Trainee: 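Attaching a single structure in C-alpha cells format; questions to follow.
Treat the numbers as computed from the prediction; the structure is a model and nothing was measured. Residue numbers begin at 1 in each chain, while the letters A, B, ... track the order of the sequences.
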Amino acid sequence: MSEARSEASVGNAATFDTHPGADAGVTPESPLQWSRVQGRVTEEGGAAEQIRVIERPFLGHLVLRGGAITLDEAVRAELGVSLPGKPLGLVLDAEGSRSVQWVSPDEWLVIVPAGEEFELENRLRARLGDAHFAIVNVGGGQTLLELSGEKARELLMKSVTYDVHEHGLPVGKAVGTVFAKTSVVLRRPSEERFELVVRRSFADYCVRWLRDAGREYGLRVESASP
Amino acid sequence: MTQSNRLNQGGRIDRSRRLSFTFNGQQYTGFAGDTLASALLANGVDIVNRSFKYSRPRGITAAGPEEPNAIVQLGASEAAQVPNVRATQQALYDGLVARGTNGWPNVQRDVMSWVGKLGGSFMPPGFYYKTFMAPASMWMTYEKFIRKGAGLGRAPTEADPDIYDHFNQHCDVLVIGAGPAGLAAALSAARAGARVILCDEQEEMGGSLLDSRESIDGAPASAWAEQVVAELGGLANVTLLPRTTANGYHDHNFVTLHERRTEHLADTAAGAGREGEVRARLHRVRAGRVVLASGSHERPLVYANNDVPGNLVAGAVSVYIRRYGVVPGQRLVLSTNNDHAYRAALDWQEAGREVVAVVDSRAKPDGDLVKQARDAGIRVITGSAVMEATGSQRVSGAKVVAIDTERFVVTGKVETLECDTIASSGGYSPVVHLASHTGKRPQWRDDLLGFVPGEVKGMHVAGGAHGVYALGETLTDGADVGAEAARAAGFEEAAAIAVPEVAVRQESPTSALYQIPHEKPPLRAPKQFVDLQNDVTAAAVELATREGFESIEHVKRYTALGFGTDQGKLGNINGMAIAARCLNRSIPEVGTTVFRPNYTPVSFGAIVGRHCRDLFDPERYTALHQWHVENGAEFEDVGQWKRPWYFPRRVNGKRETMHEAVARECLAVRRGVGILDASTLGKIDIQGPDAREFLGRVYTNKWAKLAPGRVRYGLMCKDDGMLMDDGTTSCLAENHFLMTTTTGGAAGVLEWLELWHQTEWPELQVYFNSVTDHWATMTVTGPDARKLMSEVTDIDLDREQFKFMDWKEGKVAGVPARVFRISFTGELAFEINVQANYAMHVWKALFAHGEKYDLTPYGTETMHVLRAEKGLIIAGQDTDGSVTPEDLGMHWAVGYDKPFSWIGQRALTRPDTAREDRKQLVGLKPKDPKVVLEEGAQIVLDPEQKIPMTMMGHVTSSYYSPVLESGFALAVLKGGRNRMGETVYLPMSDGSVHQAEVVSTVFIDPKGERQNV
Amino acid sequence: MFHIFCPYCQEYREEEEFHPSGQAHLIRPADPASVSDEEWGDYLFFRDNPRGIHHEMWVHRLGCRKFFNITRDTATYEILETYRMGEQPSITAANAEVRREQGVQTADGGWQTVGAQPENSRLNEETPS
C-alpha cells in the first residue's frame, strides 16, 4: 500500500499547497461571497460612516502548535517577529502585515499576506526539524474583518462579552471570545482598529449581526480586493 | 377635565408643555415632567384599577416602583401593548394611552365586584387550591376564567415593531441608585479614576433629594444633585444611565440593567421620532464592585379599609406635592410611628390645603419635625393611630383610636375625623431585593426595625439601603462607601469626597408598629390589606398561621403575599410582622422570604435583544451555498448548518414533491452519477509522533498499520462502551492524519480528543486542530463517477492504482485537491477536498463536465436513503447513547486484542453490555411495500396484548426506496439478530398495526461490490 | 453568571466562554481489564455531589480550549480557586475550615486565588513588539 503514498509528504507530515496558482484562471470566493450576493457587502470605498467594516480576504492563516521555546527561534528567524511572550499577546511585523497571536499555551495564530503561507510553512518545518510541533493551514476556513470608526467600540459592546475598553483590550492583545451566538477571535492591532477573525461558515451571520447592531450609528461592510 | 389638584407653582414639571393623554377611554392633560400617576392625581382621578381578587376599587398609593395598585396596560395600538406598567414609573408623553390592568369590563363598574362584596369568606386564602383543584381535568377551564377575572394584563397579539439590544458592560464600580448616597459614592469612585456606571430607575437622577425639604450647603438639596450629576456627566470614566433599573443581581457581581430609551417619549421608538433606534437595552454588567444605594421603601400601616382610594403612603404625598406640584386631596390625616413622615403634613399645609390631624402612635414624640408641625398649628394626636378608613370610592373619614401596641388592643374611644386623604407611615424598609437575588438572606436590625442586605461578596451598601436615613449621614456614608469600593477595585488612593454641610435634625425614635389593632377581632374587622397588589389581608396571614403554615415561605405561597411583579415591596415586612405576632415569635425568628429577579418587570424584547427574527440563531453556510439557493434547493437544518435537503426540479411545468425529487436523486446515484455537498462533515487535523497511538485509544478499531495513502472507518465510544461518533480517518503521512466526524459531532469530538489528551495522556505527542471550515468537500458518486472524474483530474483513477479506501492528491479542475475513495452510498464514490475559497470553481467545473452524465445534485434526504439501503448508520439517529458497537453488529470494527485498553473496551464486558437480549440493529421490511414506517414507532411481538404492551424496540430510520420499490427501515430490536425472518408488529396511534419482517440491515448489494469497481 | 479566572489565559472571563465538564480528579484505572465490574461501574457512573466545596473540571471552550479545574462552593457559588490540569487544589473540604480559622485569605480583591491580580496592564508592557 505504500505506493499510494502522497508525493507531497514532507518528513512525517503532509504539506499541501492549496492554491492553484495565478495562471490557473481560478477565481477564489471569500467567505463573504454570499453576503456580497445578498447586498450586505460592498466594494471597498464609498461615503464615510461612523463604523467601517472591511474584510481582508484570502490572507494566509496558519496555526502553530508546540512549545514556546521550540517555536520562538524558528518564528523569529522566518517571520522576523518574536512569539508573543505572554498570554493573549499579539505582535505585528514592522509593516504591520504579518502577525503572530497567542491562542493558548501551545498554540499561535500566524496571519500573513495572501500566498505566503505555504512557503512559510515549509521554511518553518525545515527549521523545526524533528521537534514536536504542528503547523496547520486554516486559511480557507476563516477570514479577517477590520473594524474602525468612532463607534466601533460601542458596536463591539453589543456583540462580544469581552471588555473592549482600553483597560480590557489594549493594543497588542487578542482574545477568543463570544460574539453574539458564536465565537470569534478579537484582536487589537492598533489604536485605530479592531480585528475579528471569523469562521467561514459563520461569516455571513457575523456580518448580518454587525449590520443590524451598527445600523443606529451608520455602518458599511466592505471587502478589499485580494 | 381640569387639573383640579395641580398647584400653580412648584414641582419639577414644565407648565408650558401641556401633554394630552387617555386613561380608561377618557382624555386628560398633564405637563411635561409628570408621571402618568402624578397626572392622574392632578386630574383628580381616584379609581385607577380594580383589585386582583376582590375587585375592590383602588387608587394610587405610592410614587415609585412599589406602587401596588396603579398597574396599567399601555399602548395606543395593538402592536405597542405593554402590560404591567406602574403608572408611577411611566413618564407622561403626548398621546399616551393607558387603561387599568384589572377591571373587566371597566374599572368604574366592575362585574366582578360582587365577589368582593360577598366578603372574605367567599375567597379565603388557599381558595384557588381548595376550590378549583378537583377535578383536576377542570383546572384549565377554571384557570381561564380566573385569569380573565384577575386580569394580569395581556400580551399584544401583533408583532412588536420595536428593536431591542444588549450592551456588555464592564466597570470597576457599579452604583445602583442615584439618590444622595449613590451620587456621593459615584463621585468618590469617579474622582479616584475608577470606571463607574451609575444607574437610576427614575426619569431624573437625584432620588429623595428631588423632594427633600432640607438644604445642602444652604441651597435646595436638588441643586446639589443637579451639580453632581453634571460633574459626573462630564467625566470620561463615568457612564450615567437614567431610566435604568437594576433588575437582577447574579453571581460574581454580574448585574443586569434594564434601560428604557424611548418609552418616556412614545409607545414605540418610531412614534418618538427615533425610527431604527432601540426601545430598551439590557446592560449586562460585570462589575468589579457594586455599591448598592437603592434606598428604602416606606411601609404603610395596616388598618381597616386601608385600600380605599385616598389612602397613600406618607412619603408619596410629599413627592407628589414637591416634585409634581400635585396635592392629591383636600383634607389630610397622617398616621405615623416616626418623625420623618411629618414632612407630608408640613408639605400639605404649605400647599394651602388642610391638615386635619397627625395621629402619632408614640406617646411623646418631640423631634424637630414634630415641633415644626405643632408650631404650624397642626393638631397632633399621640398614642393613637388610624384604625379604619371610611368611604368606598374615596376616603371620607378616618377612625382614630388610642392603641396599646404591646398588647395589640385599642384602649380608648374611637374618634372619626372627616378627611379625604389618609397618609400613613410605618417606618422604612431598606430595599434589599437585589442583594437577596444572589441567595443571601437579609438580616434583621432591631434598631432599624427593618431588614438590611445580607453580606454579598464584592458588594458595598450605602445610605438608606442599610438604614442610614438622615441626609447628612447618608451623604457621608455614600462618599465613604464609594471610596471604599474604588479602593477594593484597585484604586488604592481613592478618598471620600468632601461632604457638603447639612443641618442635623433631632428625631424622636420610631416605634415598632405594623398592623393597627381594631375594636373588632381581626377576622371580623373590615379588611386590613397587607399586600394590595395580591389582595392579601392581615386576616389571611393570620388564618394561614392558624392552619399550620409556620414557615414564612409557606405563608407566602398560601396567601400569595409578595407574589408576582410586586415582590413584596410594600407588604412583605408587614406580613412577616403579622405572622410573627400570630405565631408569638419575633420577626427575625419568623425570617423573611427572599426576592427573585426581576425587581420590576422587564420586557421580553429587552431580554431577547437582537437574538430574534433572522438573527435568532446563527445560520452556517458552506462555500457552495449560493449555488444551492440558485438551483432551488430546499434546506434542512443540521445543527446550525443549512444543508440542501433535496433539489426539486420542474417536471412538465410542475414542481416535484419531496418524494419525487428524492426518488429521482436516488436513482441518479444508483444508475448514473450524483453529487453531494459534504462540507459540513467535521474535519480534524491530527499531527504528532503519537497520533497513531492516540487514534488506537479513542477508536475501537486498529490504527497501528494504516499506511499513508489509506483511509479507515472508525467507531468512537465513550468509556461506557456506547457509540458516540463515527467517521473515516485518513493517514496523510506517518505522523499526520485527517479525521472526519459527523456534522453534528464536529465540535464535540474535537473537545473529546482534547479532553483525553489534556487530562489523561498529556505525555502523548499529538496536536488536534479543526479544519472543518478550511476544506470544502464534494462527493461524486455513482457508476459514472469515474468517467466524470477522469475529465477533470490528473489523478490516476485506475481501480488498481486508486483503490477503495485510498486517498490521492492531485488537481481537480485545476485546483489542488485531496480525493478520497470512500463511500457512504454503496456506489463508486470520490470525495473531493479543496480549500473552501476554490470550492465554487470546482463544483461548477464538475457540472460543466457532468451535464452529459446528467450529474444530479442530491441533498441530505437522498443521502439518508442511500446510506440506509446499505445499512450504514448515522450516529445520533440510529444510536442514542445506549448502543454499543456490538449492538450495531459492528464487531468487525472492534479490536479486542489491542494492547491499550481503548475508551469503551472495558465496559463492553460488563454484564449489562454483554447481555444477549440487548436491543440490536436490524432491518425491517414492511409487509405492505407501500408502508413507510414511522421513525420512533415501537415494536411489539404480540399485537393483541393489552396495553401496556411489551415494547421490544423501535424504528430508528425509515424511508421509501425507489430501487426496492418498497418502504424499508432500520430499527433496534431486543435480541434482534436472532429474530431474522420473524414478523414484528408496530401499533400506531390511530389503532392500525403495521407488520414487518426482520431482515438484514443491508438491503442493497450485500457483498459491497458496487463501491469497489 | 460566573466570572472565571482561566489559569491559562491568566485573566477573568465570562462564563459563556466556558463549559463545565464534570467532577475533577477522576482517575481512570490504569489497567481497566484488572478491575472488577463494580469498580469500573464506580468510575463510570458515580460522582460526588457535595454541599460545599467541590472540585470540578471546566474547559475554556471559546477561548484557549484548555481544560482546568475549579474549586467551587456549591452552596454559595463562590469559586475559591482555579488551577491547571495536573495541579492539586490548595483548598479542600478538609482544609477549608482550618484555613478560615487561620484567617487565610482564599480570595484577595477579586474572587479566585490563582493569579488573582489582573494581568492586563502588565501584559501589555511586557509583550515584545
Trainee: In terms of heavy-atom proximity below 4.5 Å to chain A, should E14(C) be classed as side chain, backbone, both, or neither?
Mentor: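 Interface part for E14(C): side chain.
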Trainee: Quick check on V175(A) against chain C: is it the side chain, the backbone, both or neither that has a heavy atom closer than 4.5 Å?
Mentor: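 Both parts, backbone and side chain.
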Trainee: So how far is it from D106(A) CG to R65(C) CZ, rounded to the nearest 0.5 Å?
Mentor: 8.5 Å
Trainee: Report the residues that fulfil side-chain contact (heavy atoms from CB on, under 4.5 Å) with R84(C), sequence neighbours left out, ordered by chain and then residue number.
Mentor: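 Once residues adjacent in sequence are excluded, the partners of R84(C) under the side-chain contact (heavy atoms from CB on, under 4.5 Å) criterion are P7(C), Y8(C), Q10(C), E87(C).
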Trainee: Just so I know, are the side chains of Y162(A) and R13(C) near enough to count as touching, which here means a heavy-atom distance under 4.5 Å?
Mentor: yes
Trainee: Taking CD in Q38(A) as the centre, count heavy atoms belonging to other residues, nucleotides or ligands within less than 6.0 Å. Is the count above 12?
Mentor: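 Counting other residues, nucleotides and ligands, CD of Q38(A) exceeds 12 neighbours.
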Trainee: Between atom CG of D163(A) and atom CD of E11(C), what is the distance when rounded to the nearest 0.5 Å?
Mentor: 9.0 Å
Trainee: Chain A contacts: which residues in residues 33-50 of chain C have a non-hydrogen atom closer than 4.5 Å to it?
Mentor: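 Residues of residues 33-50 of chain C touching chain A at under 4.5 Å: none.
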Trainee: Using heavy atoms and a sub-4.5 Å threshold, report which of residues 177-193 of chain A line up against chain C, by residue number.
Mentor: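 T177(A), V178(A), S183(A), listed by number.
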Trainee: Which of residues 95-104 of chain A get closer than 4.5 angstrom to chain C, counting heavy atoms alone?
Mentor: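 When heavy atoms of chain C are the reference, residues 95-104 of chain A contributes W102(A), V103(A), S104(A) within the under-4.5 Å range.
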Trainee: Any chance OH of Y77(C) has more than 12 other-residue heavy atoms, nucleotides or ligands included, within less than 6.0 Å?
Mentor: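 Open: at most 12 neighbouring heavy atoms sit under 6.0 Å from OH of Y77(C).
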